[in-house]
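Letters A, B, ... are given to chains in the order of the sequence lines, protein chains preceding strands, and every chain is numbered from 1. Only heavy atoms go into these numbers, but all of them, side chains included; no hydrogens, no water, no symmetry mates.
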2 protein chains.
Amino acid sequence: MSLPLHERIRRDIETAILSGELQPGARLPVEHELMHQYACARMTVSKALSALASVGLIDRRKRAGSFVARPKVHSMVLDIPDLEQEIQQRGQMYGYRLVRRQVRLPDHNAADETALAGKGKLLLLKGVHIADDVPLAVEARLVSLSAVPEIEALTLEGTSPGAWLLKHVPWTEAETRIAAVAADQDTANHLLVEAGAPCLFVERRTWRGDEGITLVRQHFIGSGYDLIARFGSSRRDTDS
Amino acid sequence: MSLPLHERIRRDIETAILSGELQPGARLPVEHELMHQYACARMTVSKALSALASVGLIDRRKRAGSFVARPKVHSMVLDIPDLEQEIQQRGQMYGYRLVRRQVRLPDHNAADETALAGKGKLLLLKGVHIADDVPLAVEARLVSLSAVPEIEALTLEGTSPGAWLLKHVPWTEAETRIAAVAADQDTANHLLVEAGAPCLFVERRTWRGDEGITLVRQHFIGSGYDLIARFGSSRRDTDS
DNA sequence: TTGTCAATAATGTATAGACATAATTGACCG
DNA sequence: CGGTCAATTATGTCTATACATTATTGACAA
């Protein structure tokens with residue numbers, strides 16, 4: 001047994017929770033008690049509890065103690081692939097074809113657009129992600145020009161604007177919505193499928209603090225793409 | 001400024017990384033340096049770095065220092081909703097209708113099934129999740145009876161087996177795959193849609209250690225369901 | 001030049017204690 | 001009976017220190 005003590009404590013409690021031995025809402029031993037149980041310092045216990053709290057397995061309340069959280073939702077870690085890299089790893093050639101580029105003011109009827117740009121201008125970029133000449137996804141992206149003025153001067157013909165943004169623009173928060181939709185006629189044309197074909201729809205907004213940066217909607221060809229989410233010890237070790 | 005110091009350090013570095021100020025692969029200041037910068041103890045710096053390492057934003061190597069991780073993929077936290085609760089929160093009535101129940105040995109041609117149960121028996125449960133009489137998803141679940149023998153004796157007619165498993169069976173790891181597919185005829189019949197309609201396909205496997213527990217495949221009616229993933233300060237505060 | 005081995009520099013884990021903060025409890029007083 | 005305030009108890013943060021672990025560096029010898 002070589003694993004650190006705080007990790008052992010963490011696991012013991014995690015196991016007890018996941019196994020139902022500790023019911024949601026149950027109070028778990030106070031730090032001093034665990035301290036005696038494991039014959040260690042309070043910091044060590046605290047480290048274990050902090051880790052559990054940070055993944056939402058327990059709630060800690062001053063004066064009251066720590067409690068098993070009501071597992072309203074389970075959270076897992078979702079890996080969002082970098083398309084270009086992912087495709088190249090499969091040994092295919094990645095490409096991006098720009099279909100449309102437009103600068104305009106946000107549509108006042110579209111809450112999305114005003115929320116993103118306020119009264120500033122928007123850059124609309126529409127394009128197709130391609131793997132070995134086969135279209136994989138269509139992407140419609142809005143970029144707030146007040147947040148990213150530099151982008152207006154660029155000619156983003158063959159490179160994905162997402163990749164450029166990722167490298168050049170600071171962001172602190174992001175939200176992704178995932179759904180399944182039927183391809184509309186336009187999308188279907190770009191993806192070379194029939195209208196109505198199932199697409200994985202991914203919509204992502206990113207912010208820097210309160211300021212909106214970009215809003216992107218991607219339609220992945222149904223058969224071409226999966227997303228993976230994990231919980232547990234499976235580590236992010238794809239090195240070499 | 002009321003936020004803890006270790007949190008401030010964490011954010012400063014996180015921001016520097018996300019903004020590209022610290023490029024992937026870049027070495028960041030060693031702990032003693034940060035210690036001086038922030039005029040604090042090493043433990044405080046270490047706590048900040050540990051947090052960053054645990055979400056995969058940096059790699060820490062002894063003797064060498066800490067480095068910004070190559071962001072092969074971005075990871076976000078995906079909330080996996082508890083269907084029953086989610087539906088009830090919308091003010092709808094939740095129901096589960098069992099369609100089929102069968103105990104059998106794993107199919108040797110299906111790698112999934114043997115991986116799950118080895119040579120033990122499997123319980124197959126097929127059913128429909130219903131919100132206010134409207135079918136929302138069909139679910140086909142395999143449960144390893146060697147891992148969960150108790151379940152064979154239960155009559156799971158009106159309750160979701162997922163909910164029961166969640167409450168009674170310990171698990172430590174899970175993996176979820178998300179895709180968009182067209183409904184096959186059988187699925188379409190259950191969901192009261194036409195064959196070929198887009199469905200959000202969710203496949204989840206759970207384990208306790210190395211032992212497989214259950215494998216579930218859910219087809220959500222396309223218009224009815226979204227998944228949400230977040231990165232950043234948006235906290236899990238759905239209390240009350 | 002090459003191999004070995006010890007010094008070294010960095011993180012990893014842990015201790016013991018201090019003070020801060022927050023919420024509950026209970027005593028006291030109107 | 002009800003309200004206020006202080007004591008208590010638990011977590012939250014932080015310091016300062018110690019020793020463990022591990023990979024690199026560099027010196028020295030073959």
Side-chain angles (χ1 to χ4, degrees), chain A residues 1-14 16-17 22 24-70 233 235-237 239-240, chain B residues 1-14 16-17 22 24-70 233 235-237 239-240:
Chain A
M1 87 106 177
S2 62
L3 84 170
L5 182 52
H6 66 85
E7 181 63 17
R8 207 187 119 205
I9 300 175
R10 216 212 78 229
R11 285 206 196 179
D12 283 359
I13 299 176
E14 182 184 271
I17 292 175
L22 284 169
R27 176 178 180 166
L28 45 90
V30 297
E31 295 186 355
H32 274 97
E33 214 161 316
L34 290 167
M35 213 174 121
H36 277 108
Q37 253 180 64
Y38 289 93
C40 68
R42 194 168 73 98
M43 275 293 300
T44 308
V45 170
S46 182
K47 189 164 187 175
L49 295 183
S50 295
L52 291 168
S54 85
V55 296
L57 269 175
I58 66 172
D59 285 332
R60 305 177 78 184
R61 296 213 319 273
K62 306 194 181 199
R63 171 71 218 243
S66 299
F67 301 83
V68 179
R70 316 251 162 212
S233 55
R235 273 282 140 251
R236 80 188 70 253
D237 291 317
D239 304 306
S240 79
Chain B
M1 86 108 178
S2 63
L3 85 170
L5 182 53
H6 66 84
E7 181 65 16
R8 206 188 118 207
I9 300 175
R10 214 212 79 230
R11 286 207 194 180
D12 283 357
I13 298 176
E14 182 184 273
I17 292 173
L22 283 170
R27 177 177 178 166
L28 46 89
V30 298
E31 296 186 354
H32 275 97
E33 214 161 316
L34 291 168
M35 213 174 122
H36 277 108
Q37 254 180 61
Y38 289 93
C40 68
R42 210 188 115 216
M43 274 294 299
T44 308
V45 170
S46 181
K47 189 163 188 176
L49 295 183
S50 295
L52 290 167
S54 86
V55 297
L57 228 41
I58 66 172
D59 284 333
R60 307 176 77 184
R61 296 209 325 267
K62 305 191 185 205
R63 172 69 218 240
S66 299
F67 301 83
V68 179
R70 315 252 163 213
S233 56
R235 275 279 138 254
R236 80 185 74 252
D237 291 316
D239 306 304
S240 82

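- Regarding L3(A), its CG atom lies at a distance of 12 Å from the C1' atom of dT13(C), rounded to whole Å.
- Here L5(B) lies in heavy-atom contact (under 4.0 Å) with sugar-phosphate atoms only.
- Residue H36(A) contributes atom NE2, which lies 11 Å from atom P of dA16(C) at whole-angstrom precision.
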(request) Please assess L5(B) against Y38(B) for the test side chain to side chain contact (heavy atoms under 4.5 Å, CB included), listing each intermediate value before the final yes or no. (result) CA-CA 9 Å; L5(B) 182 53; Y38(B) 289 93; 4.3 Å; yes

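- If you check every strand for non-hydrogen atoms under 4.0 Å, H6(A) touches sugar and phosphate atoms only.
- Checked by distance alone, R42(B) brings a side-chain donor or acceptor within 3.5 Å of a matching partner on the base of dG12(C).
- Candidate nucleotides dT11(D), dA14(C), dC14(D) were compared by shortest atom distance to the side chain of P4(B), and dC14(D) ranks first.
- If you take CD of E33(A) and P of dA10(D), they are 9 Å apart, rounded to a whole angstrom.
- Rounded to whole Å, atom P of dG12(C) lies 8 Å from atom CG of L49(B).
- Closest to the side chain of R63(B), from the set dA16(C), dT22(D), dT13(C), is dT22(D).
- When every heavy atom of M35(A) is checked against every heavy atom of V45(A), the shortest pair comes out as N-CG2, 3.8 Å.
- OP1 or OP2 of dG12(D) has at least one side-chain nitrogen or oxygen of R60(A) nearer than 4.0 Å.
- If you find the closest nucleotide of DNA chain C to S66(B) and to Y38(A), the one lying nearer the 5' end belongs to S66(B).
- One can place CZ of F67(B) at 11 Å from C1' of dT11(C), the figure rounded to the nearest angstrom.
- Summarising the geometry, the separation between CZ on R8(A) and P on dA14(C) is reported as 11 Å, rounded to the nearest angstrom.
- Nearer to the 5' terminus of DNA chain C, by closest-nucleotide assignment, is the contact made by K47(A) (compared with the other of K62(A) and K47(A)).
- Atom CD of residue E14(A) and atom CG of residue L22(A) lie 12.0 Å apart, to the nearest 0.5 angstrom.
- M43(A) has its CE atom 13 Å from the C1' atom of dG12(C), to the nearest Å.
- The side chain of T44(A) contributes an N or O atom lying less than 4.0 Å from OP1 or OP2 of dT15(C).
- If you measure from atom CG of L52(A) to atom P of dT11(D), you get 13 Å, rounded to the nearest angstrom.
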